[in-house]
Novice: 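Dumping the structure here so I can ask a few things about it.
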Amino acid sequence: MQQKVSKIGVLTSGGDAPGMNAAVRAVVRTGIYYGLEVFGIMRGYTGTIENDIVPMHSRSVANIIQRGGTILKTARCKDFYEYEGRAKAYANLKKIGINGLIIIGGDGSFRGAHTFASEFGMPCIGLPGTIDKDIAGTDFTIGFDTAVNTAIDAIDKIRDTADAHDRLFIIEVMGRDSGYIALHSGIATGAESILIPERKTDIEELVGSLQEKEKRKKLVNLVIVAEGDNFGGAEEVAKVVKERLPNVDTRVCILGHIQRGGSPSCLDRLIASRMGYSAVECLLEGRFNVMVGIVNNRMHYTPLEKAVKAKQKIGDDWLKIIKILAS
Ligand code: F6P
């Protein structure tokens with residue numbers, strides 16, 4: 001017979017994402033509502049290994065729904081990759097009596113959860129928390145909407161100064177393995193071209209299109225580059241562009257970690273709250289080892305083992321839209 005969940009732990013893992021706090025709040029308050037004991041695990045899986053685990057109460061999560069970052073702190077825990085680390089983590093959780101775990105993080109964190117659940121039978125639920133939106137089985141990930149809005153706010157400002165000087169700006173946004181921030185922010189700011197890790201960068205095509213624009217005196221141009229594009233990011237792209245288009249006044253701007261911080265948007269607070277609530281219900285109903293997502297505005301559950309393998313795909317139509325609209 002399946003064990004009944006009575007004490008649950010919640011942790012945030014991997015890169016932080018705005019809305020993680022809203023998810024933690026939802027987990028804690030839903031757990032307490034259903035009579036569970038809830039524990040906050042500090043610094044991701046590190047807290048399970050180092051026994052940095054604190055009881056959470058309704059008041060522990062007061063005044064956090066609007067805050068970026070994560071009150072539980074986060075880490076990418078190398079020791080959890082090793083069996084010894086996971087065994088230590090299990091022993092610590094068992095000592096407290098924790099028999100259900102909610103992990104808010106990205107695909108790397110889910111990989112850890114899947115292994116942990118398989119090895120020790122610990123019921124795990126994943127919530128997709130990453131600004132990168134690179135997880136299948138959900139239309140949204142917690143933090144993406146805020147990050148992309150932060151990016152467009154910055155890019156709009158860059159456009160003002162680009163316009164004043166008739167300049168080309170090559171702007172780097174986050175996304176080591178994922179082009180979603182580049183894609184969405186690029187379309188939303190009217191960018192000329194977007195370079196993403198999911199497509200091999202065709203530098204000749206970019207240079208050609210900028211030369212054509214130079215000829216017809218379209219001098220204000222924005223090129224959005226995801227940090228993980230295969231050409232090496234904005235600086236590398238700019239080197240070639242400056243060499244091949246010496247008369248175009250070109251500048252580089254790397255947006256960096258500002259995209260990870262800040263107060264979560266309404267959408268991120270909302271999905272984080274719904275997912276956090278649903279994660280606790282999953283544990284209570286015995287729907288173990290799934291990632292909770294939202295698809296077509298309904299809760300959607302993907303087995304963790306599938307969630308760690310699948311990625312969202314970027315269709316060619318997205319890139320076609322950019323080309324047509326940037327003319
Ligand atoms: O996973 C989110 C993310 O922001 C990526 O887009 C980025 O490449 C990475 O984290 C940066 O990680 P770190 O803050 O550890 O340098």
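Atoms within a ligand are numbered from 1 in the order they appear, just like the ligands themselves. What you are looking at is a predicted structure, and each value in this text was computed from that prediction instead of being measured.
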Novice: Under 4.0 Å between a Lys/Arg side-chain N and an Asp/Glu carboxylate O for R251 and D249?
Specialist: yes
Novice: Kindly list each side-chain donor-acceptor pair under 3.5 angstrom involving residues 203-211, sequence neighbours excluded, with atom names and distances?
Specialist:
residue: E204; atom: OE1; partner: R244; partner atom: NH1; Å: 3.4
residue: E204; atom: OE1; partner: R244; partner atom: NH2; Å: 3.0
residue: E204; atom: OE2; partner: R244; partner atom: NH1; Å: 3.0
residue: E205; atom: OE2; partner: K323; partner atom: NZ; Å: 2.8

Novice: Check this for me: does any side-chain nitrogen of one of R199 and D316 sit under 4.0 Å from a carboxylate oxygen of the other?
Specialist: yes
Novice: Which pair of non-hydrogen atoms, one from Y83 and one from E119, has the smallest distance, and what is that distance?
Specialist: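 In terms of heavy atoms, the two residues are closest at CD1-OE2, 3.5 Å.
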Novice: Residues in side chain to side chain donor-acceptor pair (under 3.5 Å) with Y33, at least two apart?
Specialist: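 Partners of Y33 under the side chain to side chain donor-acceptor pair (under 3.5 Å) test: none.
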Novice: Residues in salt bridge (Lys or Arg N to Asp or Glu O under 4.0 Å) with R43, at least two apart?
Specialist: E50, D52
Novice: Tell me the residues surrounding ligand 1, counting only those with a heavy atom closer than 4.0 angstrom, sorted by chain and number.
Specialist: R76, I131, D132, M174, G175, R176, E227, H257, R260
